[in-house]
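Right, one structure below, let's go through it.
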Amino acid sequence: MTKCFRTPLCIFAALALQACASAPTTPTATPTADGLPTEWIDPDTGHRVIRLSREDETQSLYFHQNTYTPDGTRVVVTVPSGIATINLKTHEIKKVVVGSTPTQRIDTHDNTPPEQRVAHIVMGRKTPTVYYTRGADVMATNLNTGVTRKICSLPDELFWGSGFTVNADETLLAGSGDAAPGPLGAIGPDWTGNQAIGQRLAVLVPMVLYTINIKTGELKKFFRAETDWLNHVQFSPTDPKLLMFCHEGPWDQVDRVWQIRVEGDVYTVKTGDTLEKIAAAHGTYPAMIKFTAKLASDEVKAGQKILLPPGPPRLVHQRTMDMEIAGHEFWGADGQHAWYDLQTPKSTQFWVGGMDLATGQHIRYSLLKNQWSVHYNVSPNGKLFAGDGGGPSSVARGDNGQWIYLFTPDPSTAATIKVGNEDVKTMAFKAERLVNLANHDYGLEPNVSFTPDMKWIVFRSNMLGEQHGSQVFAVELAKAKP
């Protein structure tokens with residue numbers, strides 16, 4: 001007799017035989033043309049799960065990228081032939097951009113031809129506009145009207161950099177890429193995948209951060225790093241000029257989480273000033289000023305006006321012990337907190353760490369090894385956190401850790417610990433399992449995000465079978481009623 005494990009496909013028959021007490025906008029538990037269930041109650045958690053996608057290899061965006069329309073009604077996803085939206089109320093799926101979207105598996109080299117590649121996708125914060133690249137062209141498509149326009153073209157050295165981020169007032173895009181021009185840049189496609197992280201860091205390719213003016217298409221390279229690998233760019237959701245980014249690489253080898261302002265001030269050179277003096281007074285170095293101001297030489301003259309760099313980047317988390325790691329950083333919706341995965345040391349003690357940007361005060365929320373997640377996220381009101389668990393090949397390698405989690409800080413566990421010279425406030429998370437991902441392959445990261453109404457968590461998974469690849473799901477935070 002064949003055993004039937006408690007997977008969505010195995011429980012589907014039982015679901016189809018029972019009445020489903022669901023909201024009017026929730027799909028019924030009937031199969032689609034592909035024979036896959038559209039919803040079920042997870043028997044291990046009691047939470048309702050809805051399959052939002054209808055096409056194999058549909059993927060939600062990376063966990064920190066803005067993925068919802070400003071009115072909160074639609075979520076942007078990728079399908080093999082382009083970009084689509086899913087209406088969160090009616091579940092209508094609409095193709096909005098045609099092109100080839102690359103795989104987002106961390107263990108797979110992507111072979112999408114560069115000229116066909118649709119990538120760097122992010123949703124606007126003020127208008128219903130999705131921004132992306134098609135080949136080297138930076139594009140914008142209005143989801144309501146379908147009107148599409150070209151903003152600019154990326155030079156070769158920026159083609160393989162980080163995905164875009166859009167700022168709070170939707171005037172700028174930002175990204176990272178190589179500093180030196182060359183065929184598709186020095187990074188190129190061969191550095192994709194987690195397996196190449198150590199090798200890529202060792203190459204020490206000079207990189208830049210850049211902005212693109214959405215209205216004019218003007219591209220500015222505003223920060224240069226000679227040896228650091230720059231990645232994971234994220235604009236503040238409230239401050240249009242503040243950008244978070246990371247020094248990529250093995251986390252135990254880098255101080256990873258940084259912030260920087262994307263525009264600097266104009267400085268009038270005084271009598272007796274040198275490039276070295278100006279740099280020292282503004283917390284930067286001469287080569288950076290020379291790069292930002294586009295100076296032909298190291299000499300400056302009194303009265304000369306030069307554009308200063310945006311200022312020295314601010315380190316969000318300082319490591320204090322051997323093998324301490326911090327990463328997969330993300331913003332709180334209030335723009336006042338930066339959050340990140342923290343382990344002190346690696347695979348031993350687990351936290352979601354954060355910093356209040358106004359005060360510099362740090363906070364830590366503790367969780368168990370089996371609750372550790374590849375990525376975390378925070379609700380729009382800042383009161384709840386979510387995690388996507390981890391598999392046997394993930395960093396924590398916890399037993400039975402393959403779940404979608406909901407985390408709530410527990411005030412009764414509040415304490416203060418000494419970290420270096422700082423008194424750091426801590427609390428423990430109360431964890432609730434929402435979805436059993438026992439059949440999920442973590443080569444595809446689930447990448448959880450809260451819907452704007454905070455009633456659902458959206459994620460992607462291949463738990464319906466390898467032959468179907470990624471599908472996009474939503475799990476309801478409230479338990480299903482009997």
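Computed from a prediction, not measured in an experiment: that's the story for all the values here.
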- Message: Once you measure the plane-to-plane angle for Y340 and H317, does it fall in the parallel (<30°), tilted (30-60°) or perpendicular (>60°) bin?
- Response: tilted
(request) Would you check if the distance from the ring center of F330 to the ring center of H64 is below 6.0 Å? (result) no
If we count only N and O atoms by modelled type, under 3.5 Å, do the side chains of T58 and S53 hold a donor and an acceptor together? no
Q.
Whether the side chain of R314 engages the backbone of L357 through a donor-acceptor N/O pair (distance < 3.5 Å, no angle test) should be reported.
A. yes
Point to revise | Step-by-step side chain to side chain donor-acceptor pair (under 3.5 Å) determination, D273 to Y267 | key: CA-CA 11 Å; D273 273 347; Y267 176 77; 2.6 Å; yes
Exercise for review: Give a yes-or-no answer on whether the side chains of D137 and S153 include a donor-acceptor pair shorter than 3.5 Å.
Suggested key: yes
Nearest heavy-atom contact between F159 and G135 is CE1-O, 3.1 Å
Practice prompt. State yes or no: are the ring centers of W331 and H337 separated by less than 6.0 Å?
Written response: no
When every non-hydrogen atom of G175 is compared with those of V233, the smallest separation belongs to CA-CG2, 3.8 Å
Next on the checklist: Are more than 12 heavy atoms, taken from residues, nucleotides or ligands other than K220, located less than 6.0 Å from that residue's NZ atom?
Outcome noted: no
Those residues at least two apart in sequence (or on a different chain) that pass ring-ring contact (aromatic ring centres under 6.0 Å, His included) with H47 are none
Main-chain N/O of D71 paired to R74 side chain as donor or acceptor, under 3.5 Å: no
Minimal heavy-atom distance between N447 and S60, with the atoms involved, is O-OG, 4.4 Å
V79 backbone acceptor or donor facing T101 side chain under 3.5 Å | yes
State whether the side chain of D239 and the backbone N or O of S236 hold a donor-acceptor pair below 3.5 Å, judged by distance alone.
no
Please check: side-chain N/O of S366 versus main-chain N/O of F350, any donor-acceptor pairing under 3.5 Å? no
*Check whether the side chains of Y132 and T141 place a donor and an acceptor atom closer than 3.5 Å, and report yes or no.*
yes
Next item on the list: Start with the C-alpha gap between V77 and I83, add the side-chain angles, then the distance that decides, and say whether side-chain contact (heavy atoms from CB on, under 4.5 Å) holds.
Entry: CA-CA 6 Å; V77 300; I83 304 172; over 6 Å; no
Rounded to the nearest 0.5 angstrom, the CG-CG distance for N167 and L172 is 4.5 Å
The reported gap from OG1 in T78 to CG in L61 (rounded to nearest 0.5 angstrom) is 7.0 Å
In short, Q65 meets I121 closest at the heavy-atom pair NE2-O, 3.3 Å
Would you sort out whether V458 and Y68 count as a side-chain contact (heavy atoms from CB on, under 4.5 Å), showing the intermediate values? CA-CA 11 Å; V458 172; Y68 300 101; 3.5 Å; yes
If we ignore hydrogens and angles and just use 3.5 Å, is the side chain of N377 paired with the main-chain N or O of F63 as donor and acceptor? yes
If the threshold is 4.0 Å, N to carboxylate O, is there a salt bridge linking D252 and R319? no
Q) Can K215 and T171 be counted as having a side-chain donor-acceptor contact under 3.5 angstrom? A) no
**OP:** Answer yes or no: is there an ion pair linking K126 with D169, defined by an N-O contact shorter than 4.0 Å?
**Re:** no
Consider only side-chain N and O atoms of K425 and T416, and report whether a donor and an acceptor are under 3.5 Å apart. no
#### Entry: Donor-acceptor side-chain pairing of N462 and H440 below 3.5 angstrom
yes
What verdict does the side-chain contact (heavy atoms from CB on, under 4.5 Å) test give for W258 and V316, after you've listed the backbone C-alpha separation in whole Å, the side-chain angles of each residue and the deciding distance to 0.1 Å?
CA-CA 5 Å; W258 299 80; V316 173; 5.8 Å; no
- [ ] In plain terms, say whether E263 and R261 are close enough for a salt bridge, that is, a side-chain N and a carboxylate O under 4.0 Å apart.
- [x] no
When every non-hydrogen atom of A168 is compared with those of P237, the smallest separation belongs to CB-O, 3.4 Å
query: What do the steps show when you test E92 against K94 for salt bridge (charged side-chain N to carboxylate O under 4.0 Å, His left out), and what is the final call?
result: CA-CA 7 Å; E92 176 191 12; K94 182 180 179 181; over 6 Å; no
### Task
Might you work through the side-chain contact (heavy atoms from CB on, under 4.5 Å) test for S461 and L437, ending with a clear yes or no?
CA-CA 8 Å; S461 176; L437 294 185; 4.0 Å; yes
Item checked: Side-chain (T133) to main-chain (A119) donor-acceptor, under 3.5 angstrom -> yes
Are W339 and F385 an aromatic pair by the rule of ring centers under 6.0 Å? yes
dist D356:CG -> Q361:CD (nearest 0.5 Å) comes out at 8.0 Å
Might you confirm whether atom NZ of K418 has over 12 heavy atoms from other residues, nucleotides or ligands at distances under 6.0 Å? yes
Q.
Does any part of the side chain of D341, heavy atoms only, come nearer than 4.5 Å to the side chain of W372, both counted from C-beta?
A. yes
- Measure centre to centre between the rings of W251 and H328, then say whether the value is under 6.0 Å. yes
- Item | E476 bridged to K455 by N-O distance under 4.0 Å | no
* Asked: Is it true that the side chains of Q234 and T165 contain a donor and an acceptor less than 3.5 Å apart?
  -> no
Verify whether one side chain among E422 and H362 offers a donor that lies under 3.5 Å from an acceptor in the other. yes
Query - Distance-only donor-acceptor check, side chains H232 and R256, under 3.5 Å - result: yes
Could you tell me whether the side chain of T348 and the main chain of T344 form a donor-acceptor pair under 3.5 Å? no
Review point. Do Y62 and T67 have side-chain N/O donor and acceptor atoms under 3.5 Å apart?
Key: no
Would you check if there is a donor-acceptor pair between the side chains of N213 and E218 at a distance under 3.5 Å? no
*Would you kindly say whether Y365 and D410 are connected by a side-chain donor-acceptor distance under 3.5 Å?*
no
* To do: Under the side chain to side chain donor-acceptor pair (under 3.5 Å) rule, what do K95 and S81 come out as? Steps first, then yes or no, please.
  => CA-CA 9 Å; K95 179 77 71 64; S81 58; 2.7 Å; yes
Angle between ring planes, H120 versus F164, binned at 30° and 60°: parallel, tilted or perpendicular? perpendicular
Here the gap from F291 atom CZ to F223 atom CZ, rounded to the nearest 0.5 Å, amounts to 9.5 Å
**Study point:** R125/E170 ion pair, N-O < 4.0 Å
**Key:** no
Using the rule given for side chain to side chain donor-acceptor pair (under 3.5 Å), can you reason through E248 versus N231, listing the C-alpha separation, both sets of side-chain angles and the distance that settles it, and then say yes or no?
CA-CA 6 Å; E248 190 63 271; N231 201 6; 2.9 Å; yes
Worksheet entry | Salt-bridge contact R460-E57 (side-chain N to carboxylate O under 4.0 Å) | no
Between V378 and G332 the two heavy atoms that sit nearest each other are CG1-CA, 3.9 Å
The reported gap from CG in N381 to CZ in F450 (rounded to nearest 0.5 angstrom) is 8.5 Å
dist L52:CG -> I86:CD1 (nearest 0.5 Å) comes out at 5.0 Å
Report task. State whether the side chain of T268 and the backbone N or O of K305 hold a donor-acceptor pair below 3.5 Å, judged by distance alone. Result -> no
field: Pair K346 + E324: basic N to acidic O under 4.0 Å
entry: no
